[in-house]
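Here is the structure we will look at.
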There are 2 protein chains.
Amino acid sequence: MSVTIKDIAKLAGVSHTTVSRALNDSPLINPETKERIQRIASSLNYTPNFSARSLVLDRSYNLGLFFSTLHSGTTAGFLYEAVKGVNDVIKDRYNLIVRGIDDYKDFHNINRKSFDGLIVMSQSASDQPFIEYATEKEIPLIVLNRQVDGVQVMNLVPDDKSGAYRVVEYLIRQGHRRIAILEGKPGFKSTQARREGYDEALRDYGVQIPGGYSVPGEYDLESGYAGMNRLLEHPVRPTAVFCSNDDMALGAVKAITQRRLKVPEDISVVGFDDLLFSGFMTPALTTVRRPIEAMSREGAIRLLAFIEKKQVEKDTVYFHTELVIRESVTTIQEANDQ
Amino acid sequence: MSVTIKDIAKLAGVSHTTVSRALNDSPLINPETKERIQRIASSLNYTPNFSARSLVLDRSYNLGLFFSTLHSGTTAGFLYEAVKGVNDVIKDRYNLIVRGIDDYKDFHNINRKSFDGLIVMSQSASDQPFIEYATEKEIPLIVLNRQVDGVQVMNLVPDDKSGAYRVVEYLIRQGHRRIAILEGKPGFKSTQARREGYDEALRDYGVQIPGGYSVPGEYDLESGYAGMNRLLEHPVRPTAVFCSNDDMALGAVKAITQRRLKVPEDISVVGFDDLLFSGFMTPALTTVRRPIEAMSREGAIRLLAFIEKKQVEKDTVYFHTELVIRESVTTIQEANDQ
DNA sequence: TAGTACATTGTTAACGTGTGCACCCTATGA
DNA sequence: TCATAGGGTGCACACGTTAACAATGTACTA
């Protein structure tokens, strides 16, 4: 059927071993023979059988890119940037297999033989069992986006807390005191970290907020919309809202404008993530940029280094977030200490 | 190192052949032996070596999901829906490998041994060489989203032309006569199809438009923004703009509001794709829904059927698009024939 | 001239699984 | 008692590749 090294060997009048060595550019082979064999191979359109090679080398050339879920809580931009970042690094040296962890009933088919390494884009502790499973099976693993407790793993995470801190601090410096928060999906570590940054900024600046200023959400458009509607019915209407991600911010803006209020004149809105569309909303959204693509790229680099040289430290690295100031926040002049 | 069928064979006191048969549920094996072997296997946490199986069965269990490019012209939502749609179908029977075609310098590593089948999410004729290569190599193949000429392949495409026709027709029925178009990325078949729908609607309704109403674009936010700015400087300002996708529509809205004009009061805007955020923009965007996820799902089903039973017709199937009416179009009363 | 070192190539086995064929054993019927 | 059938199992090989080790030839040294 298809061309194998034995076919080439026959044509070249050498053993298949010699062909194998020649094609792998082994220094053992006479340069002339090597070149002759390579010419024959390419003239026959030879392509190596990866299964056979995998079998003997015990390498699959598969990398897994696993998301906590592909069904909810994962924004499209998130998936996009991650896939792009990783693919840019691995080129065609590896196959990138994309999957949602919650697609698996059991992890039976995840093992060293099938995956040379795993990149987990973690968004909640729900994938902790998966991470522990991979660790136990000794599959090279790197976890991105969420800080993992308990298990010692390579871990790259954005500094969500300080990002949230800075954007709330920015609101305060613009004179806002009545600052509400629309929270992310319960159980997600990022939800908690962003909440902590918010709390800490308020505390550091001695800002007291009324009860009912914290509204739960789901990281999606709908919950941003619904949550904002709840806030708009609050007896003491906030002057600014920190939304735990940009999707929710978009939903919030919708709710506000539907009541014939204006952003930012009546209410300021800030988000988190800096999605592609955020700069093109009306008004353009002030938000925090999360370096997903850079993190994915760096994650892939480290994972490959680990697979190939086995010499990387298993520690947590924080990636800086960046405050992106646009048009969705107004300055307030009233009774403040400025 | 890891458990093989030979280990199981030793423990069960049978040959590895029997184990292989038992685990594959062969009718040749005595039910009791079979059950005993299966018990031992699961107690040892046995997982088959896919490379070995692939080698002998000549199946890789890999499916490729290839995009024309991952770098520009592919929106995040597009990638997201496609990955989700396909993964939902293949479960863990296959590995889904996601890649941009333009990542490859040559297609050497794409072959029957490495991929049981390919799903091409095509957005431009630039991937025609890839499609022809796959066809020639006889790799099971299905092309989604773009109609392929020249080669006979399984082909699922949204009916872009009729979608564009309907949304432009809708504009006309709302009284618009000065309808401009922001075109998509040059060379993309969808760009052309949407343009044709636009042209045809105008023709059918006898609407004449001034020169300069057709502006080229790139399917991204920036070109929508830039293109709209050009239109706003036109001596005869359009009352409505058909944007070739939602990303461009968002850019267009940005350009309009920046000039202190309003959508839809001053200018109506319609898009194409119905991205997740489109319903949450202000104003919510009237657009055309493209059934990417449904198409991906159906594509995966057909590809698997082809791989496994080899009995599917290679023809083109059109998927209906759907007009989604929201708030970005106003009704015009002036001099019309209504 | 014999011995040694080195460069180049070949022999053979191994990776883990699936399968054609032969084999054994038991039950059945003549 | 013997031939036959058929259910159940094992032997041996195949898949395409890599690699340890052996073998060959050649040049150089003592």
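Note that the coordinates shown come from a computational prediction; the quantities given were computed from them, not determined experimentally. The figures here come from the full heavy-atom set of this structure, side chains too, leaving out hydrogens, waters and symmetry mates. Throughout, a chain's letter reflects where its sequence line sits, starting with A, and its residues are numbered from 1.
- B:K6 has its NZ atom 13 Å from the P atom of D:dC13, to the nearest Å.
- A straight line from CG of A:D58 to C1' of D:dA19 spans 15 Å, rounded to a whole angstrom.
- A salt bridge links B:D127 with B:R146: the closest approach of a Lys/Arg side-chain nitrogen to an acidic carboxylate oxygen falls below 4.0 angstrom.
- Proximity note for A:L55 (side chain, C-beta onward) versus C:dT9, D:dG8, C:dG16: the nearest is C:dG16.
- The phosphate of C:dG10 (OP1 or OP2) has a side-chain N or O of A:T18 nearer than 4.0 angstrom.
- B:S2 and A:K113 get closest at one heavy-atom pair: OG-CE, 3.2 Å.
- Nucleotide C:dC6 holds its P atom 19 Å from the CD1 atom of A:I29, rounded to whole Å.
- For the residue pair B:D103 and B:R99, the shortest heavy atom distance occurs at OD2-CD, 3.9 Å.
- The phosphate of D:dT9 has OP1 or OP2 within less than 4.0 Å of a side-chain N or O from B:T33.
- Comparing C:dT17, D:dT17, C:dT8 by their nearest atom to the side chain of A:P31 picks out C:dT8.
- Across C:dG10, C:dT9, D:dT18, the shortest atom-to-atom separation from the side chain of A:I5 is found for D:dT18.
- Of the candidates C:dG16, D:dT18, D:dC11, D:dT18 carries the atom nearest the A:N24 side chain, counting heavy atoms from C-beta on.
- When each of A:A52 and B:P27 is assigned the nucleotide of DNA chain D bearing its nearest heavy atom, the one mapping closer to the 5' terminus is B:P27.
- With rounding to whole Å, B:I37 atom CD1 is found 12 Å from D:dG10 atom C1'.
- Side-chain proximity of A:N49 to the nucleotides C:dG16, D:dT17, D:dT9 is greatest for D:dT17.
- The nearest whole Å value for the distance from the CG atom in B:D7 to the P atom in C:dC15 is 11 Å.
- In this structure, of D:dG8, C:dT19, D:dA20, it is D:dA20 that holds the atom nearest to the side chain of A:T17.
- Between B:F107 and B:F66, the gap from one ring centroid to the other reaches at least 6.0 Å.
- As rounded to whole Å, 9 Å separates atom C1' of D:dG16 from atom NZ of B:K113.
- Other residues, nucleotides and ligands place no more than 12 heavy atoms under 6.0 Å from the CD atom of B:E35.
- Between A:D102 and A:H71 the shortest heavy-atom distance is OD2-ND1, 4.1 Å.
- Listed pair A:S20 / D:dT17 fails the phosphate criterion, with no side-chain N or O lying under 4.0 Å from OP1 or OP2.
- For D:dG16, the OP1/OP2 oxygens have no side-chain nitrogen or oxygen of A:T4 closer than 4.0 Å.
- OP1 or OP2 of C:dG16 has not a single side-chain nitrogen or oxygen of B:Y46 nearer than 4.0 Å.
- Regarding B:I8, its CD1 atom lies at a distance of 11 Å from the P atom of C:dG18, rounded to whole Å.
- Below the 3.5 angstrom threshold, one finds no donor paired with an acceptor across the side chain of B:R21 and the base of D:dG7.
- Per the geometry, NE2 belonging to A:H16 stands 9 Å off P belonging to D:dT17, to the nearest Å.
- When each of C:dG10, C:dG18, D:dT18 is scored by its nearest atom to the side-chain atoms of B:R53, the top-ranked nucleotide is C:dG18.
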